[in-house]
Amino acid sequence: MAKAVIGEETRLKLAEDRLSQSALPSEVGLIIGKFSSALGRAFLFDLVPTPLNDSGEPACALTEPDKKKGPKPKSKSEPADSSSLFIDKDWVAEHARQVSRMLVGGMNVVGLYVWVSDAAFKNSTIMLCQTVKGVADAAPVLEGDWDERLLLHICYSPRRWSCRNCSLSSNITSSSLRPCDFKMGKVLTSLQTYKCMYNFNIRLPILRDSGSKFQTLSDILRHVISVHAKELTGAKALIDGKLVVESESYSSDGVHEVELLIPFLNNRSIEACSQGDVVGLLSFSGLICSFAYLNSKEPISQAVTDIKGDIIKSLQSRLDIICDEVDADSGNNHDEASNEISVEKPVPQLVLHTLRKGCSLPFPKRVFAPWLAGVYVCDYLQPSETVEVFKDHCMELLSMKAPMDVSTILEPEKEVLSFKTKSFFDLAVPSNSEIHVMEGKSKVDGGGESSNSKSVKPGHINVVVAGLILLLSVLVGFVLFFLKG
């Protein structure tokens with residue numbers, strides 16, 4: 001639980017001025033910030049309003065009680081304002097899910113803010129708690145065990161700010177909200193930047209057993225990422241060339257370079273080979289650029305934790321984007337596909353142990369752009385997309401008004417992560433079968449297929465030649481022996 005909440009005063013004051021000038025009766029949006037387990041605090045970076053839905057309507061609106069039953073006599077205990085909030089919870093949750101992908105290490109969707117009168121807020125606590133829980137489910141915080149989110153109320157009558165912790169328990173009641181200390185201060189200027197260029201190489205055997213719960217490519221990759229997340233937890237880190245000490249803190253400015261050292265593990269692939277019929281090997285490798293932001297009072301070990309979480313979230317986000325596009329395409333082509341006799345499945349839905357031909361699947365590339373006070377946000381671009389897509393996402397999802405300078409966009413991942421396979425049955429031999437998920441120009445892609453297909457004939461020729469040479473040597477030996485005799 002966050003015992004104290006500190007908001008960036010420049011950004012929160014700008015949001016307050018915008019809301020007061022808009023004359024809106026209500027507004028809902030996301031809180032972008034950071035939870036600090038070591039300090040027991042939450043830091044708020046900015047407030048991002050939820051955009052209009054597909055129908056062009058706002059995500060929340062004030063509603064009046066049903067008056068069909070006739071007017072009721074007013075009592076002293078009845079509030080003067082009986083209006084309450086209606087919130088499109090699914091739309092707010094979807095906004096949170098997409099914004100969460102654009103945040104790097106140490107930054108999360110930490111809760112919800114609402115601009116509404118005090119009476120309407122009190123009449124809508126259950127609706128607000130349900131919306132906060134939906135946001136938490138759509139944009140989970142991977143670092144730490146945070147079972148609460150923040151609900152920030154900006155009241156315009158009278159004008160005041162108040163913050164509450166909202167419990168994420170399944171049983172939501174009016175007691176799910178608990179007040180916490182809130183104040184404004186300088187948050188963004190106290191952040192330190194950490195950067196990591198992480199090379200990874202994950203290998204997993206593919207078994208002939210079709211009863212495994214991980215059959216499709218997307219299921220297997222999700223399993224690989226979750227396994228690697230556990231392995232990454234035990235990695236040591238070097239920051240600016242020095243081994244990280246748990247309680248140490250950094251006070252220097254600039255970008256700190258982080259290098260992760262993965263410990264040697266038991267060869268799980270060999271163990272799996274002895275337990276089942278291995279018909280392939282999945283290799284997932286590449287280069288990921290990761291950023292993380294740390295408050296100057298937090299221990300340096302938190303930066304390492306945030307970098308590790310950002311790497312895993314980046315892999316998950318890329319796979320989610322691919323699967324989202326597949327689901328969207330299959331939904332749009334449902335009617336057409338139903339009239340066809342045979343429709344080929346998209347690559348993420350392929351079942352590997354039945355794969356009979358090669359396939360390829362490009363992964364989105366991660367790009368970065370400056371957001372607030374030098375803090376970066378990111379996006380993932382497909383090979384066919386340009387940075388203009390990134391600019392549109394920033395304006396739509398993060399409400400960035402100023403046009404983005406293309407020259408400020410960072411593209412450190414020069415080569416696109418891609419998935420490639422050879423024919424699975426060509427590789428299903430007793431040993432050394434591989435299914436490759438590699439980045440860019442791998443050694444196998446450079447000609448491994450042609451060399452494998454032609455390696456059998458030279459082997460047979462060498463054996464025959466060796467046999468002929470041996471036979472000829474024996475005959476020559478016998479001839480020389482009889483001549484000497």
Side-chain angles (χ1 to χ4, degrees), residues 11-33 44-64 83-103 107-117 120-121 123-124 126-139 149-157 166 317 320-321 324-325 327-328 331-332 369 371-372 377-381 385 387-404:
R11 301 303 304 175
L12 268 56
K13 288 296 184 183
L14 284 175
E16 184 180 19
D17 293 340
R18 176 185 61 83
L19 289 168
S20 60
Q21 294 172 9
S22 66
L24 291 172
S26 64
E27 183 180 278
V28 69
L30 308 177
I31 306 174
I32 309 301
L44 310 187
F45 302 156
D46 199 11
L47 307 181
V48 179
T50 298
L52 302 178
N53 60 22
D54 293 335
S55 302
E57 298 176 352
C60 71
L62 288 176
T63 60
E64 296 294 334
S83 61
S84 60
L85 274 175
F86 168 77
I87 302 177
D88 189 343
K89 297 188 291 292
D90 294 337
W91 185 252
V92 176
E94 177 60 23
H95 181 219
R97 186 177 75 94
Q98 296 190 35
V99 167
S100 178
R101 289 178 181 171
M102 304 182 70
L103 304 178
M107 297 168 56
N108 292 286
V109 177
V110 297
L112 198 73
Y113 81 87
V114 59
W115 162 263
V116 74
S117 66
F121 180 87
N123 296 336
S124 313
I126 301 299
M127 173 71 71
L128 288 167
C129 289
Q130 292 173 345
T131 307
V132 170
K133 189 176 188 306
V135 166
D137 293 338
R149 294 295 185 272
L150 301 178
L151 178 58
L152 185 63
H153 177 210
I154 312 170
C155 180
Y156 53 75
S157 178
C166 181
S317 296
D320 289 341
I321 290 172
D324 287 348
E325 291 191 354
D327 293 340
N332 294 334
W371 181 40
L372 302 173
V377 290
C378 72
D379 201 1
Y380 300 92
L381 303 181
E385 295 177 332
V387 293
E388 296 297 326
V389 176
F390 188 10
K391 294 171 63 176
D392 294 340
H393 287 173
C394 287
M395 289 187 291
E396 179 184 3
L397 299 176
L398 296 177
S399 295
M400 292 175 62
K401 303 300 182 183
M404 184 187 302

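Positions are given from 1, in the same order as the sequence printed here. Everything quoted here is computed from the prediction, not taken from an experiment.
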To the closest 0.5 Å, what do you measure between CG (Leu128) and OG (Ser84)? 10.0 Å
Would you check if Thr50 and Asp88 make a side-chain contact, meaning some heavy-atom pair closer than 4.5 Å? no
Could you tell me if the side chain of Ser26 sits less than 4.5 Å from the side chain of Leu85, heavy atoms only? yes
Non-hydrogen atoms of Pro51 and Trp91 that approach each other most closely: O-NE1, 2.9 Å
Would you mind reporting whether Asp137 and Lys133 have side-chain heavy atoms less than 4.5 Å apart? yes
Indicate the atoms forming the closest heavy-atom contact of Val377 with Phe390, along with that distance. O-CZ, 3.9 Å
Taken to the nearest 0.5 Å, the spacing of Arg18 CZ from Gln21 CD works out to 10.0 Å
Could you go through the side chain to side chain contact (heavy atoms under 4.5 Å, CB included) check for Val135 and Val92 one step at a time? CA-CA 7 Å; Val135 166; Val92 176; 3.7 Å; yes
Step by step, work out the side chain to side chain contact (heavy atoms under 4.5 Å, CB included) result for Trp371 and Met107. CA-CA 12 Å; Trp371 181 40; Met107 297 168 56; 3.5 Å; yes
For a 4.5 angstrom cut-off between non-hydrogen side-chain atoms, does Met400 reach Lys391? no
Given side chain to side chain contact (heavy atoms under 4.5 Å, CB included), test Ile31 with Arg149 step by step and report yes or no. CA-CA 10 Å; Ile31 306 174; Arg149 294 295 185 272; over 6 Å; no
Using every non-hydrogen atom in the two residues, find where Val110 and Gly33 come nearest and quote the distance to one decimal. CG1-C, 3.7 Å
Report yes if some heavy atom in the side chain of Leu30 is under 4.5 Å from a heavy atom in the side chain of Leu112; otherwise report no. yes
Leu151 side chain near Phe121 side chain, heavy-atom distance below 4.5 Å: yes
Check: Ile87 and Gln130 side chains under 4.5 Å, non-hydrogen atoms: no
Short side-chain to backbone donor-acceptor contact, Tyr156 and Pro25, under 3.5 Å: yes
Looking only at the side chains, is there a donor atom on one of Tyr113 and Glu27 sitting less than 3.5 Å from an acceptor on the other? yes
Nearest heavy-atom neighbours spanning Leu397 and Val99: O-CG2, 3.7 Å
Rounded to the nearest 0.5 angstrom, the OG-CG distance for Ser399 and Asp46 is 8.5 Å
Can you give me the closest heavy-atom contact between Ala139 and Ser100, atom names plus distance? CB-CB, 3.7 Å
Can you tell me how far apart CG (Leu12) and CG (Leu47) are? Round to the nearest 0.5 Å. 4.5 Å
Looking at side-chain heavy atoms only, is the closest gap between Leu372 and Ile32 below 4.5 Å? no
What's the separation between atom CD1 in Ile321 and atom OH in Tyr380, rounded to the nearest 0.5 Å? 7.0 Å
Please report the interatomic distance CZ(Arg97) to OG(Ser317), rounded to the nearest 0.5 Å. 9.5 Å
Which atom pair, heavy atoms only, marks the closest approach of His153 to Val116? NE2-O, 2.9 Å
